[in-house]
Visitor: 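Please find one structure pasted underneath; my questions will follow.
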Amino acid sequence: MAGTFRLSFGPWNIHEGGDPFGPTVRGGIEFAKKLECYKQLGFDGVQFHDDDAVPDMNDLAPDQIVAKAADVKQLLDDHGLAAEFVAPRLWEDERTIDGGYTSNDPACREFAKERSRRTIDIANALDTKLVVLWLAREGTYIREAKDSKIAVDRLVEAINDMLAWDPNIKIAIEPKPNEPMDQAYIPTTGHAIALAYLTDDPKRVGVNIESAHAILAGLDPSDEMGFALACDRLYTVHLNDQNGLKFDEDKSFGAVDLRRAFNQVRILDEYDFGKNGEFVGLDVKAMRTQRTDVATKHLTNSRQIFLNLLELARSLDKNKIDQLITQRDYEELEMLIINHLMGK
Ligand code: XUL
Ligand code: MN
């Protein structure tokens, strides 16, 4: 029987529209207010950065951080929501200017590790076992700034530190090839899973595949998902879309390339993604032009497109596809898929 999916997004997906070239254009909505709309929009899971849950956490002692996170857990319970993951925000503090785990300054590397332990404490207080690592500044603007071999050693060391801090957590690395850095050290799913195998507990290290990040690396997101599924390492996804090799656009899922989106839905469904409790996560941004009163449509639209594509994936004529594959008539197979997407 076909499975059902639980969907999630992060509070940063309801945002004020600021970009590197201009200020915010929509009023801020406080976190507790955002939680109120999750269920109405059709979502069950909340993705967190550590300081989405505990703002100003650097000014608090470990036990104060846990107490604040416990209050957020109560809020989640009140709304019937679950925390999907917590991610350390290691790209805003002045101690992470040169990267977190790969910084050239040992004191800054220690800050990044200590902050990650606090992230895990927050994850426990929110009752999730998943930590996402978007390795934002773990890379370089110029090649000579860091030693790429040592950088990987340091990433492994930092992940080992997290695995040892809590024997039950799992870590999903979110690869991205560039932005903010010129070159990131972990640009693709393959790099992330290779990194997993270098750690002390490879079975607890996997990936969060974001569609736009794969596209920025010139790769097909559904093939990246297939690779991770074959390695049993697809812990979560960030579905969205991307119009070519530009800045990371975080467009609504399927808004640029419906067929590419269809293939992502198809592979997730084919392999029962979600059967171990995984969420289908979105990482989408409302366009800056969107008025405040209609600034959650990117979420409902992405969800609806996901569900529509799911219906299409499930109604494909599988026998016909097998037949065309056997006959090696891929032109006809392509037409079958296009006709199906066009409702013909
Ligand atoms: C950045 C990105 C982040 C992560 C979470 O491109 O996708 O929002 O998903 O830290
Ligand atoms: Mn993301």
Side-chain angles (χ1 to χ4, degrees), residues 8-20 23-38 45-79 81-103 105-138 158 161-162 165-166 169 171-172 174 180 208 238 250 281 283 285-286 292 295:
S8 71
F9 69 87
W12 64 92
N13 289 147
I14 300 178
H15 78 123
E16 295 83 38
D19 69 16
T24 57
V25 289
R26 292 182 285 263
I29 300 173
E30 63 175 275
F31 176 69
K33 274 261 168 268
K34 288 184 183 176
L35 281 191
E36 283 173 19
C37 70
Y38 267 74
V46 184
Q47 309 168 15
F48 285 92
H49 293 119
D50 49 9
D51 55 4
D52 292 325
V54 184
D56 302 319
M57 58 185 282
N58 288 339
D59 303 333
L60 302 174
D63 56 334
Q64 293 174 306
I65 292 175
V66 169
K68 296 253 182 209
D71 293 343
V72 176
K73 173 70 171 86
Q74 186 58 54
L75 264 182
L76 291 175
D77 290 348
D78 294 346
H79 292 93
L81 295 166
E84 185 199 359
F85 67 69
V86 185
R89 199 193 298 271
L90 287 175
W91 50 92
E92 291 188 355
D93 195 276
E94 67 178 284
R95 285 160 287 191
T96 59
I97 286 172
D98 191 28
Y101 313 127
T102 65
S103 170
D105 180 338
C108 293
R109 294 201 296 277
E110 189 44 43
F111 165 75
K113 282 194 220 163
E114 184 59 24
R115 169 93 177 217
S116 305
R117 289 175 209 131
R118 299 288 81 76
T119 302
I120 295 169
D121 295 348
I122 293 172
N124 276 314
L126 295 182
D127 197 24
T128 173
K129 295 289 164 224
L130 189 62
V131 167
V132 162
L133 289 186
W134 171 45
L135 300 167
R137 297 194 191 277
E138 314 300 356
D161 191 80
M162 284 180 253
W165 184 250
D166 182 338
I169 53 128
I171 295 174
E174 183 177 338
N208 172 15
H238 265 176
D250 294 335
D283 194 0
K285 273 207 181 75
T292 305

Visitor: Between the side chains of Trp12 and Asp283, does any donor sit under 3.5 Å from an acceptor?
Guide: yes

Visitor: For the CG atom of Asp51 and the CD atom of Glu92, what is their distance to the nearest 0.5 Å?
Guide: 6.5 Å

Visitor: Below 6.0 angstrom between ring centroids: does that apply to Trp91 and His49?
Guide: yes

Visitor: Go through the steps to decide whether Met57 and Arg118 satisfy the test side chain to side chain contact (heavy atoms under 4.5 Å, CB included), and finish with yes or no.
Guide: CA-CA 9 Å; Met57 58 185 282; Arg118 299 288 81 76; 3.7 Å; yes

Visitor: Tell me the closest heavy-atom pair linking Asp50 and Pro88, and the distance in Å.
Guide: OD2-CA, 3.3 Å

Visitor: For the residue pair Glu16 and Thr24, confirm or rule out a side-chain donor-acceptor distance under 3.5 Å.
Guide: no

Visitor: Between Pro11 and Val46, which heavy-atom pair has the shortest distance, and what is it?
Guide: CD-CG1, 4.2 Å

Visitor: Would you please indicate yes or no on a ring centroid separation below 6.0 angstrom for Tyr101 and Phe111?
Guide: no

Visitor: Shortest non-hydrogen contact from Ala53 to Ile122?
Guide: CB-CG2, 3.9 Å

Visitor: Using the rule given for salt bridge (Lys or Arg N to Asp or Glu O under 4.0 Å), can you reason through Arg89 versus Asp52, listing the C-alpha separation, both sets of side-chain angles and the distance that settles it, and then say yes or no?
Guide: CA-CA 9 Å; Arg89 199 193 298 271; Asp52 292 325; 3.0 Å; yes

Visitor: How many angstroms lie between CD1 in Ile29 and NE2 in His15, if you round to the nearest 0.5 Å?
Guide: 11.0 Å

Visitor: Using the rule given for side chain to side chain contact (heavy atoms under 4.5 Å, CB included), can you reason through Cys37 versus Ile14, listing the C-alpha separation, both sets of side-chain angles and the distance that settles it, and then say yes or no?
Guide: CA-CA 10 Å; Cys37 70; Ile14 300 178; 3.7 Å; yes

Visitor: Is the shortest side-chain N to carboxylate O distance from Lys73 to Asp77 below 4.0 Å?
Guide: yes

Visitor: Considering all heavy atoms of both residues, which atom of Thr128 and which atom of Leu130 are nearest to each other, and what is their separation?
Guide: OG1-N, 3.1 Å

Visitor: Between Cys108 and Ser103, what is the shortest heavy-atom contact and its length?
Guide: CB-OG, 3.5 Å

Visitor: Should Lys113 and Asp161 count as an ion pair when the cut-off is N to O under 4.0 Å?
Guide: no

Visitor: Please report the closest heavy-atom contact between Ala69 and Ala125, naming both atoms and the distance.
Guide: CB-CB, 3.6 Å

Visitor: Fit a plane to each ring of Phe85 and His238, take the angle between them on a 0 to 90° scale, and name the class: parallel (under 30°), tilted (30 to 60°) or perpendicular (over 60°).
Guide: tilted

Visitor: Mind running salt bridge (Lys or Arg N to Asp or Glu O under 4.0 Å) on Lys33 and Glu30 for me, showing each step along the way?
Guide: CA-CA 5 Å; Lys33 274 261 168 268; Glu30 63 175 275; over 6 Å; no

Visitor: To the nearest 0.5 Å, how far apart are CZ in Arg117 and CG in Asp121?
Guide: 10.0 Å

